[in-house]
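Each remark here refers to the structure printed beneath this line.
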Amino acid sequence: MPDNLDGSTMMRRKDRDWRPRTTAVHAGEGLDPATGASAPNIVMSTTYGVDSSLGFSAHDMADDAPFIYTRWGNPTIRQLEEKLAAMEGADACIAFASGMAASMALMLGRLSAGDHLVISDASYAGTAELARGTLTRLGIQVTAVDASDPRNVEGGLREATRMIWIETPVNPILRLTDIRAVAAVAKQAGAELVVDSTFATPIATRPLELGADWVVHSLTKYIGGHGDALGGAVLGRKEAVRDLSLESGVHFGGTISPFNAWLIMRGAATLPLRMRAHADSAMRIAEFLESHPAVKRVIYPGLPSHPQHDLARRQMDTFSGMIAFQVADGPAAAARMAEELRVIHYAVSLGHHRSLIYWIGTDEIMASSFRLSEEQLARYRAFAGDGVFRLSVGLEDPDDLCLDLERGLG
Ligand SMILES: *Cc1c(COP(=O)(O)O)cnc(C)c1O
């Protein structure tokens, strides 16, 4: 039976008793019943031999249906989905070809013309542009609020609000949102709460336990962890995920390649250990930057100087590996970094074993992505000033990273 390909039916029953490191290694996997292989196979097949009696629409498919066509379901992708669901403490998961495909599937799968979305006024730029551009064009109303104060979320609600979308820590300024408090607002409003938890990962924060309805991840970042595969995931309650997978998974067609699913599954197995190393190094480097004369301000949730450090301690089990910092002349420093850095790559993205750094100017990102009100902009500048370097601390020796930053800062 294809459904038993991973051979882990018996192990799966125990998944929820495992501690995080065991879950990350074993959930969704098991000895291959045909060969005894210990490592998962990659099943690249797009189609599967089936009984002639099976239907031709995804709507006819039962939960325990055999594999038919890879856009509807694939053994390798399913293994990844089971591992991620176990790590996040979710009933179910759908993997997608990228984080943006996951976000789009959730927004377009759950919202219709006339519905209203409240979204964090800062977020991953692609998410901001999708909400303000595409959703608005399709007749979905969008209100952006500074979600770091739950009263702003409450103030943004309307009769038609169906979804609240937050990201914590938020890209690129590492401002936090109190998930439990916003979940209470969402519940009262009868709206669903979505948390983009890419920066936190399930090792730091499990939003579903705090009352969120959905979690979104870009698997391209920490969960894959090696900068070699795009992927995304949506996690939530069983029935809701099933509804979403029929339309947004099967019909939108943003299916992840089984090869990428396999790479990301391999990365996910070491996530708990990697996050500990990312966070330890990030703390060292945040302290180094805070004491460096060329650095004006460091924003890292693990530092006592972070304005929401108390919330970070309540809501995050590790402070993750992302640091934002300000210098006097960002664009000039960016040019120097791109030239001088020998270990850290001057590049976008984050969460990889290689350290990455990138300058994000406030005026630039306002013009392209966020378009904030004056009051919101003032609150954004309270974190970012004229802009921040977004540093993704990798798994290199932190002493080498400090030396490299010293060189880059001049
Ligand atoms: C990168 C990222 C995304 C988009 O993910 P892709 O895999 O690049 O499509 C969404 N949200 C956050 C917070 C991200 O960092």
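Each ligand, and each atom within it, is numbered from 1 in the order the structure gives.
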Can you list the residues that meet the side-chain contact (heavy atoms from CB on, under 4.5 Å) rule with Asp404, with sequence neighbours excluded? Leu341, Arg342, Val343, Ile344, Arg407
Separation between CG (Leu219) and CG (Leu84), nearest 0.5 Å, reads 5.5 Å
Cationic N near anionic O, under 4.0 Å, Glu375 to Arg379: yes
Quick one: does NZ or CZ of Arg175 land under 6.0 Å from the six-membered ring centre of Tyr380, within 45 degrees of the ring axis? no
Check ligand 1 against the protein and report each N/O to N/O distance under 3.5 Å, formatted as atom name, atom name, distance.
unit_1, atom_1, unit_2, atom_2, d
ligand 1, 5 (O), Ser218, OG, 3.0
ligand 1, 7 (O), Gly99, N, 2.8
ligand 1, 7 (O), Ser218, OG, 2.8
ligand 1, 7 (O), Thr220, OG1, 2.6
ligand 1, 9 (O), Gly99, N, 3.0
ligand 1, 9 (O), Met100, N, 2.8
ligand 1, 11 (N), Asp196, OD2, 2.7
ligand 1, 15 (O), Lys221, NZ, 2.7

Can you confirm whether or not the ring centre of Tyr346 sits under 6.0 Å from the ring centre of Tyr358? yes
When you look at Glu167 and Thr127, which way does the side chain to side chain donor-acceptor pair (under 3.5 Å) test go after all the steps? CA-CA 10 Å; Glu167 192 180 305; Thr127 312; 4.7 Å; no
